Peer 1: 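Before anything else, here's the structure in question.
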Number of protein chains: 2
Amino acid sequence: MIHISYQDPRPIYEQVRDAYRQQILAGVLAPGEQLPSVRELSSRLAVNPNTIQRAYRELEQEGCISSVRGKGSFVADVSGAAEARRRELLEQFDQLVQELESLGVTSEELGQRVGGGEG
Amino acid sequence: MIHISYQDPRPIYEQVRDAYRQQILAGVLAPGEQLPSVRELSSRLAVNPNTIQRAYRELEQEGCISSVRGKGSFVADVSGAAEARRRELLEQFDQLVQELESLGVTSEELGQRVGGGEG
DNA sequence: CTAACTGTACTAGTTAGTTTAATACAGTTT
DNA sequence: AAACTGTATTAAACTAACTAGTACAGTTAG
């Protein structure tokens, strides 16, 4: 299940969309697996069905899910969407590295940080 | 000078605030240096003075600038603000690394990426 | 002191985005 | 036929961002 927070400044539909995208692209939810229906999820999260529908619509446009009238919404085959997301995050990564280095953080320090506990 | 974009979904005051914060903490603008006045910058960017004032107010709260009634706004001594910003960006960095690794990007790949052209 | 600059505060109105609400239609399944 | 599914539409409420106008307070140059 996913959670939403009213403390989070992001709109609800973005929280729902981002939470499912993360789980789907990470493989937590397998291709073909069914998502809760628009009405059921809106009821569980105590928000309006339109809010959930917007999240699902954007997930479908991204290629993360496939919605079929009368049947439901299902996790899609996401190789393409995963690659697009990877590129997007790597771009953010490069920008972040650049700003951190302008603040005096060294490449070595960042390298150790991604390495975890290897060196 | 800084630029704003009406294509950018971020509010104008955030664009102004973030642009100056970046330049100030990177040392592009030296401590003591005077910023354009609220009225002058609002005129140059063709936005309302209130919008600029909000950006300046937040920069002052962050410790990046110091505003004095009647005199103007000046770049502050930013060692504290820089350290706070560094911590903030490193937290974002860690989250980004975690999400990238959940997409199958390896630590090695990210390490090479921060290193630039060293390997 | 006056004029022209500076930051700051306040109120009001507009606009855009988010969310809710209610309703309706279309396809699937039992 | 009934109960589920996604989808579309319209209206309203609410909030944040932005604009507009005005006013006040401190500084500086004449």
Side-chain angles (χ1 to χ4, degrees), chain A residues 1-21 24 29 31-77, chain B residues 1-21 24 29 31-77:
Chain A
M1 258 300 284
I2 64 170
H3 302 77
I4 63 172
S5 163
Y6 290 97
Q7 270 66 270
D8 196 321
R10 289 179 306 164
I12 299 171
Y13 79 91
E14 285 190 11
Q15 295 186 43
V16 173
R17 179 197 64 193
D18 293 355
Y20 271 115
R21 185 204 295 119
I24 289 171
L29 300 178
E33 194 164 339
Q34 185 162 11
L35 272 64
S37 77
V38 168
R39 289 174 179 82
E40 183 194 348
L41 185 55
S42 71
S43 163
R44 283 207 304 227
L45 299 181
V47 298
N48 194 276
N50 295 340
T51 304
I52 304 301
Q53 198 202 333
R54 179 164 181 183
Y56 278 17
R57 188 198 317 137
E58 299 196 359
L59 284 169
E60 184 167 29
Q61 286 168 351
E62 295 176 6
C64 290
I65 72 174
S66 171
S67 294
V68 186
R69 192 182 289 223
K71 302 191 73 174
S73 297
F74 305 87
V75 177
D77 289 318
Chain B
M1 258 299 284
I2 65 169
H3 301 76
I4 62 172
S5 164
Y6 290 98
Q7 271 67 268
D8 195 321
R10 288 179 307 163
I12 299 171
Y13 79 92
E14 286 189 12
Q15 294 185 42
V16 173
R17 180 198 63 193
D18 293 354
Y20 271 116
R21 185 204 295 120
I24 290 170
L29 300 178
E33 194 163 340
Q34 184 163 11
L35 272 65
S37 77
V38 168
R39 288 175 179 82
E40 185 196 348
L41 185 56
S42 73
S43 164
R44 284 207 304 228
L45 298 181
V47 300
N48 194 275
N50 295 339
T51 304
I52 305 300
Q53 198 202 334
R54 178 164 182 184
Y56 279 17
R57 190 197 316 138
E58 300 197 356
L59 285 170
E60 184 167 29
Q61 287 167 350
E62 295 175 7
C64 290
I65 72 174
S66 170
S67 294
V68 186
R69 190 183 291 225
K71 303 190 72 174
S73 298
F74 305 88
V75 177
D77 289 317

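Quick note on labels: first sequence line is chain A, next is B, and so on, each numbered from 1. Every value quoted in this text rests on a predicted model; they were computed, and no experiment measured them.
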Peer 1: Side-chain N or O of A:S73 less than 4.0 angstrom from OP1 or OP2 on D:dG6?
Peer 2: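 True: A:S73 side-chain N/O within range (under 4.0 Å) of D:dG6 OP1/OP2.
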Peer 1: With a 4.5 Å cut-off on side-chain heavy atoms, are A:Y56 and A:S37 touching?
Peer 2: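 SC-SC contact between A:S37 and A:Y56 ruled out.
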Peer 1: For a quick test of reading the model: is some side-chain N or O of B:T51 closer than 4.0 Å to OP1 or OP2 of D:dC18?
Peer 2: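 No, because none of the side-chain N or O atoms of B:T51 sits under 4.0 Å from OP1 or OP2 of D:dC18.
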Peer 1: Under the 3.5 angstrom rule, does the side chain of A:Q34 hit a backbone N or O of A:K71 as a donor-acceptor pair?
Peer 2: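 Present.
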Peer 1: Kindly indicate whether the side chain of A:R21, heavy atoms from C-beta on, has any atom under 4.5 Å from the side chain of A:I24.
Peer 2: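 No. Closest side-chain heavy atoms not under 4.5 Å.
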Peer 1: Any side-chain N or O of B:S37 under 4.0 Å from OP1/OP2 of C:dT6?
Peer 2: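 Yes, because at least one side-chain N or O of B:S37 sits under 4.0 Å from OP1 or OP2 of C:dT6.
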Peer 1: Return the nearest nucleotide to the side chain of B:V38; candidates are D:dC18, D:dA8, C:dT8.
Peer 2: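 Of the options given, the side chain of B:V38 lies nearest C:dT8.
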Peer 1: Just compare C:dT28, C:dT20, C:dT6 and give me whichever is closest to any side-chain atom of A:K71.
Peer 2: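 Looking only at side-chain atoms, A:K71 lies closest to C:dT28.
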Peer 1: A:E14 side chain: which of D:dA25, C:dT18, C:dC25 is closest?
Peer 2: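 Of all the options, the side chain of A:E14 is nearest to C:dT18.
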Peer 1: Please confirm whether the shortest side-chain N or O distance from B:Y13 to OP1 or OP2 of D:dA17 is below 4.0 Å.
Peer 2: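 Result: yes.
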Peer 1: Does a nitrogen or oxygen in the side chain of A:R54 sit under 4.0 Å from OP1 or OP2 of C:dT18?
Peer 2: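 Answer yes for this pair, as a side-chain N or O of A:R54 is under 4.0 Å from OP1 or OP2.
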Peer 1: Around atom CG of B:D8, are there more than 12 heavy atoms from other residues, nucleotides or ligands closer than 6.0 Å?
Peer 2: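 Yes - once you tally the heavy atoms of other residues, nucleotides and ligands closer than 6.0 Å, there are more than 12.
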Peer 1: On DNA chain C, nearest-nucleotide positions of A:Y6 versus B:N50: which is more 5'?
Peer 2: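 Looking at the nearest nucleotide for each, B:N50 comes out on the 5' side.
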